[in-house]
Amino acid sequence: MRKIIVLCGLAALAFSSVHAAEVKVQWQDPEKFTDIRPANDSRKSYRERVIRKFDEFFQQMGTKLPEGYNLDVTVTDIDLAGDVDYFISGAGNALRVVKDIYSPAMKFSYVLRDNHGEQVMQADEKLRDMGFMQSIRSAHNSDEFRYEKRMLEDWFERELKPGVEQHQHMLPKVSVKPAV
């Protein structure tokens with residue numbers, strides 16, 4: 001099993017804000033992922049570009065978490081939206097064709113710890129966005145991996161953010177007496 005560990009300190013600086021968690025992303029055997037095939041690029045450089053973009057997505061989510069928190073993610077599979085078709089252009093140039101039947105999916109595990117090292121959340125996630133082409137948000141967006149990014153953002157808003165908020169409400173409130 002080959003693991004690629006990416007510590008995205010520089011990316012974290014690019015997205016710094018008042019709130020920022022430390023985010024570490026590990027990539028477990030990315031060469032075996034379901035679909036990160038390039039259309040007209042080398043497999044290695046395309047895979048590296050996918051990894052960089054997804055690292056950015058996780059770093060952006062880290063900026064929405066409280067300072068001092070740590071999010072450790074291990075990505076175990078990606079199936080990008082669309083499918084590479086080698087015959088559609090007629091000229092022998094491969095194209096990634098995006099249709100409803102080729103929905104994006106992703107598998108990863110994560111552990112989120114608070115600023116005291118206490119585990120806040122942990123899970124193995126299997127995301128798939130079957131309605132990825134129905135969203136108005138993506139209708140005029142031409143960003144690469146926009147469907148996958150939206151899928152991760154929806155997961156963050158639905159799962160991670162409420163878990164963090166619930167954890168913070170459960171923390172004991174400490175009052176400090178003024179010095180006499």
Side-chain angles (χ1 to χ4, degrees), residues 3-28 30 33-36 38 41 45-82 96 98 103-169:
K3 286 188 178 182
I4 298 174
I5 300 175
V6 181
L7 301 176
C8 302
L10 295 177
L13 292 175
F15 298 103
S16 65
S17 71
V18 175
H19 299 293
E22 180 181 338
V23 178
K24 295 178 187 172
V25 181
Q26 296 183 40
W27 296 85
Q28 189 172 321
F33 286 1
T34 300
D35 176 20
I36 54 172
D41 203 351
S45 64
Y46 188 72
R47 183 172 48 241
E48 289 169 357
R49 188 165 81 230
V50 169
I51 288 171
R52 270 193 314 275
K53 290 300 285 187
F54 278 76
D55 284 339
E56 286 177 22
F57 299 158
F58 282 109
Q59 290 300 324
Q60 289 169 356
M61 286 185 272
T63 66
K64 298 175 185 175
L65 294 170
E67 186 174 357
Y69 275 52
N70 292 300
L71 177 62
D72 294 322
V73 179
T74 301
V75 180
T76 56
D77 194 22
I78 293 177
D79 186 354
L80 296 174
R96 180 164 287 276
V98 179
S103 59
M106 187 171 183
K107 294 179 185 176
F108 61 94
S109 60
Y110 72 92
V111 176
L112 179 66
R113 297 187 186 284
D114 67 12
N115 53 346
H116 302 290
E118 181 181 329
Q119 184 174 304
V120 176
M121 299 177 73
Q122 175 204 1
D124 293 325
E125 296 290 343
K126 295 179 182 179
L127 307 180
R128 180 170 295 277
D129 186 358
M130 300 293 284
F132 74 106
M133 295 205 53
Q134 313 314 315
S135 175
I136 294 173
R137 289 189 291 175
S138 62
H140 300 291
N141 186 343
S142 62
D143 291 345
E144 190 172 33
F145 313 121
R146 64 189 169 277
Y147 302 115
E148 295 81 8
K149 181 180 181 183
R150 188 183 70 238
M151 180 176 67
L152 282 171
E153 289 171 342
D154 289 348
W155 164 79
F156 179 86
E157 293 295 324
R158 184 182 64 251
E159 299 291 330
L160 214 57
K161 190 174 173 184
V164 169
E165 290 170 358
Q166 181 181 13
H167 176 74
Q168 290 185 316
H169 282 70

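- For the side chain to side chain contact (heavy atoms under 4.5 Å, CB included) with Trp27, the lone residue among Asp55, Val73, Thr76 that qualifies is Asp55.
- Considering only heavy atoms from C-beta on, Phe156 stays 4.5 Å or farther from Gln60 through its side chain.
- For the pair Gln28 and Phe33, the tightest heavy-atom approach, listed with the atom from each and the gap, is O-CE1, 3.1 Å.
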Steps toward side chain to side chain contact (heavy atoms under 4.5 Å, CB included) verdict (Asn70, Lys24): CA-CA 8 Å; Asn70 292 300; Lys24 295 178 187 172; 5.8 Å; no

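- Side-chain contact between Met151 and Phe57 is absent, with no heavy-atom pair separated by less than 4.5 Å.
- Between Pro66 and Val164, some side-chain heavy-atom pair lies under the 4.5 Å cut-off.
- To the nearest 0.5 angstrom, Ile78 atom CD1 is 10.5 Å from Leu127 atom CG.
- A salt bridge does not link Arg150 with Glu153: every distance from a Lys NZ or Arg NE/NH1/NH2 to an Asp or Glu carboxylate oxygen is 4.0 Å or more.
- Between Leu152 and Phe58, some side-chain heavy-atom pair lies under the 4.5 Å cut-off.
- Of all heavy-atom pairs spanning Val23 and Gly62, the tightest one is CG2-CA, 3.7 Å.
- Note that the OH atom of Tyr110 and the CD atom of Gln122 stand 8.5 Å from one another [nearest 0.5 Å].
- In this structure, Phe108 and Phe54 have side chains that are not in contact, with every pair of non-hydrogen atoms separated by 4.5 Å or more.
- The side-chain heavy atoms of Tyr147 and Val98, taken from C-beta on, include a pair separated by under 4.5 Å.
- Atom NZ of Lys107 and atom CD of Glu125 lie 12.5 Å apart (nearest 0.5 Å).
- Proximity of Glu56 to Gln59: side-chain heavy atoms (C-beta onward) are nowhere separated by under 4.5 Å.
- Shown here are the side chain to side chain donor-acceptor pair (under 3.5 Å) partners of Thr34, two or more places apart in sequence or in another chain: Asp77.
- Rounded to the nearest 0.5 angstrom, Gln166 CD and Met121 CE are separated by 8.5 Å.
- Screening Gln168, Gln119, His167 against Asp114 for a side-chain hydrogen bond (donor to acceptor under 3.5 Å, both in side chains) leaves a single residue, His167.
- Using a 4.5 Å heavy-atom cutoff, the side chains of Leu160 and Leu71 are in contact.
- Side chain of Thr74 to main chain of Ser109: no donor-acceptor pair is present (N/O by atom type, distance under 3.5 Å, no hydrogens or angles).
- In this structure, Lys53 does not pair ionically with Glu148, as no charged nitrogen and carboxylate oxygen lie closer than 4.0 Å.
- Of the inter-residue distances, the one linking Glu144 atom CD with Arg49 atom CZ reads 4.0 Å to the nearest 0.5 angstrom.
- Separating the CZ atom in Phe145 from the CZ atom in Arg52 is a distance of 9.5 Å, to the nearest 0.5 Å.
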